[in-house]
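Letters A, B, ... mirror the listed sequences (proteins, then strands); counts begin at 1.
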Protein chains: 2
Amino acid sequence: MARTEYLSKATHAQTRAHNAALVLRALYDLGPISRADVARLTGLTRTSVGELVADLERDGLAQDVGRGPSTGGKQPTLVALKDDARTVITLDLGERTFTAALANLRGELTTKRTGELEGRDGHQAVQLVHELIDDVRREATSPLLGIGVGTPGVVDADGTIRWAVNLDWQDLPLARILEERHGLPAVVANDSRAAALATYLFGGDERPQNLVVIKVGRGVGAGIILRDQLFGGDGDGAGEIGHVVVDPDGIECHCGRFGCLETVASVPAVVRAAGTASFGELVDRTTAGDDRVLPVVLAAGRAIGAAIAGLTGALDVRHITIVGSATALGDPWFSAIRDEAGRRSLGPLARDTRIIDGGTGEDVTLLGACALLLTRELGLTVHR
Amino acid sequence: MARTEYLSKATHAQTRAHNAALVLRALYDLGPISRADVARLTGLTRTSVGELVADLERDGLAQDVGRGPSTGGKQPTLVALKDDARTVITLDLGERTFTAALANLRGELTTKRTGELEGRDGHQAVQLVHELIDDVRREATSPLLGIGVGTPGVVDADGTIRWAVNLDWQDLPLARILEERHGLPAVVANDSRAAALATYLFGGDERPQNLVVIKVGRGVGAGIILRDQLFGGDGDGAGEIGHVVVDPDGIECHCGRFGCLETVASVPAVVRAAGTASFGELVDRTTAGDDRVLPVVLAAGRAIGAAIAGLTGALDVRHITIVGSATALGDPWFSAIRDEAGRRSLGPLARDTRIIDGGTGEDVTLLGACALLLTRELGLTVHR
DNA sequence: GCGCTTTGTCCGGGGGATTGACAAAGTAGT
DNA sequence: ACTACTTTGTCAATCCCCCGGACAAAGCGC
């Protein structure tokens, strides 16, 4: 029996941290709320909640915001999160452009700066990251919580970029580099996984325990949240569905094999197969119902639908959200996805599965990077 | 924000239970071991370990078994689990035969009884379960821990059988019924999931954090362990890969759709496609290299390999074990599975993925039912 | 005005992990 | 054989922090 990390003790400090994160989450999710309500929701005593809220108020993370209506007794004092109590530096390392921004605790972006990558080598690209961080950092008006980075490619759990798509980065320990250079906690993760966490944390009232977010753009990737946690798998490669072979007789992929999902369903692949000059033109002609491009778009949708059917069949995850530039293809594409996913999976399962349009989401990677950091530093999502 | 179960507090009692389970797991996995070693492994203090071990010894679950070699100081007293300190009643509700047995804490089966189902209706089948339990219970020589049941079909988390394959059981709350009738804790779960937990708990020195066990017999199903826990999904249907459509133009499945994995890869399907009189004959002719049946066997293997590629691509789980009667098909079949799984997934991923022959495993469901109960009652696997 | 509820806080109690000390029982060196 | 040093297991004291009860403040309904 070699592995023993699963033998990790529980301490009083952990109990405290858990309950502190619990109260913070309650404030975060349930808006202005009384201490008594938090106590009822969490099962903690009013005493403990009062103490934990006092801690949060001392840290400036929460504040009393007046009284609520009485329900037959003393009217409660409502406590709310101070959304701007902390600032997060977020980065989206796109394939051609790097973007940095500031975000508050709600993922509201304020200062956005971009830098073009054109022609820079790996070292210079890292320099660009540093410059962007220094640049937006000057605009911060509340204490910095840390740096969150989303990037294409494979990133392992400690924030080392295994390989980047079109940079000569290999085994670059970016999280550690950023922590040392800027003196702040840093998180680096794959962009699809960031997108999943953004959808989970900022996605509205529903917060499904299990959620798969599929990002379809230049590549095809997924972020998988299981039991309220991002799932990484044995090699932090979970969600790399773009290179599952869907058609062994298909065309060659840049990964060297034939018929990967990306060769059928990624934006460049669909544009090439449809023979249009640009993706914009493809969207226009798809919307117009052009018969010369529709079959290609539908085939791409069906390929994604089949992949979803495989996922839902195996995992029984009922919440699927699709984001990325490809969502501009609209109804025909989504219908193809839903039809194929439904046709290929068990009836009751297909009936309850929701495949949602998450939009093109230019900011989804920035938001995801922010969500990653909030999760890590404040425990805003479950992590134990 | 409707769902609030994720806001569950941590208490001192939970901390204690967690650490108690921790010590038990250490004894279970690491054999006779000193209190000091357990303290080092878990991070607990020697004081706490001593106290927790004393609790276990008082309950009869552990005992001192002499002294170990000195490493420069006082020689340690070794503590070991008493394998026979408790008895578990396990059941395998097969499609034609029900089997009951007693198991100790190591999953060693002692008293085995079977009952044929032939012609009984749903109510009589439940009676048979009761009789079998009463029957083996008389042979128990140590305190009973509870009842574990493995069954085909869909079972939800509270032990209610949603639908059974060839019994007229629908929404039968079997776990509750057994608890009331026999006055013991009861766990009911799908047989593939039971098999997964058996492989995880009793599978030897390796205990992978993530593990997929695929059971190929009369049906095709999977049990999925992620982060040391069985994963159920949103509707406790995770692992139902038998009805993912792999060939939309394939033959009709009993579920009503066409080309499900089961129509290609289950034992009855392969026997039918090969045209042999029995599965035994198919195995013999496959082993002999008969060209008339090999293509069918290889096609079945490739279908499973493709399904595995989809799973590993999505989840990056590197440990796959295949169990069930179909494993008797041996090397040709396994080679087809491994080749296809490798061909359809990313290079580095495929290289590290191990697809292991878990054997035909007549007892795997019984062992799994035992493992389920040990997990639930003693916390022998991670559950928080 | 009076009784009842609800809220938030204060205080004592207790569970349980931690720390430090110490005796027991080894090994290694001289 | 004697001394110095280690390691182990346990005991007592301490500390962290959750809990339960009590109580004042402040509302509601009659």
Along DNA chain C, first and last positions that approach a heavy atom of chain A under 4.0 Å: C:dT5 to C:dT18
Listed nucleotide nearest any side-chain atom of A:Thr47, set D:dG9, D:dG20, D:dC18: D:dG20
Nucleotide nearest A:His12 when distance is taken to its side chain, options D:dC16, D:dC18, D:dT10: D:dC16
B:Gly73 or A:Gly73, whichever maps to the more 5' nucleotide of DNA chain D: B:Gly73
Looking only at atom types and distance, does a side-chain atom of [X] sit under 3.5 Å from a main-chain N or O of [Y], one as donor and one as acceptor?
{"X": "B:Gln209", "Y": "B:Asp228", "value": "no"}
{"X": "B:Asp316", "Y": "A:Gly233", "value": "no"}
{"X": "A:Asp236", "Y": "A:Val155", "value": "no"}
{"X": "A:Lys9", "Y": "B:Gly43", "value": "yes"}

Please output the side-chain donor-acceptor pairs of residues 59-66 of chain B that fall under 3.5 Å, not counting sequence neighbours, one pair per line with the distance.
unit_1	atom_1	unit_2	atom_2	d
B:Asp64	OD1	B:Arg35	NH2	3.4

Just to be sure I understand the rule, does [X] reach a base, reach only the sugar-phosphate, or reach nothing, if contact means heavy atoms closer than 4.0 Å?
{"X": "A:Arg16", "result": "sugar-phosphate"}
{"X": "A:Arg46", "result": "base"}
{"X": "B:Thr77", "result": "sugar-phosphate"}

A:Phe231 six-ring centre to B:Arg227 NZ/CZ under 6.0 Å and within 45° of normal: no
cation_pi(A:Arg207, A:Phe202) dist<6.0 Å, angle<=45: no
Return the value, rounded to whole Å, for the distance between atom [atom1] of [X] and atom [atom2] of [N].
{"X": "B:Lys9", "N": "D:dC17", "atom1": "NZ", "atom2": "P", "value": "16 Å"}
{"X": "B:Gln75", "N": "D:dT6", "atom1": "CD", "atom2": "C1'", "value": "13 Å"}
{"X": "A:Lys74", "N": "D:dA26", "atom1": "NZ", "atom2": "C1'", "value": "6 Å"}
{"X": "B:Gln14", "N": "D:dC18", "atom1": "CD", "atom2": "P", "value": "11 Å"}

Residues touching DNA chain D, which here means a heavy atom under 4.0 Å, drawn from residues 59-72 of chain A: A:Ser70, A:Gly72
side-chain contact (heavy atoms from CB on, under 4.5 Å) evaluation trace for A:Leu144 with A:Ile89: CA-CA 8 Å; A:Leu144 290 162; A:Ile89 299 175; 3.9 Å; yes
Step-by-step side-chain contact (heavy atoms from CB on, under 4.5 Å) determination, A:Val317 to B:Asp234: CA-CA 5 Å; A:Val317 168; B:Asp234 287 323; 4.2 Å; yes
base_contact_polar (D:dC17 base, A:Ser48 side chain, donor-acceptor, <3.5 Å): no
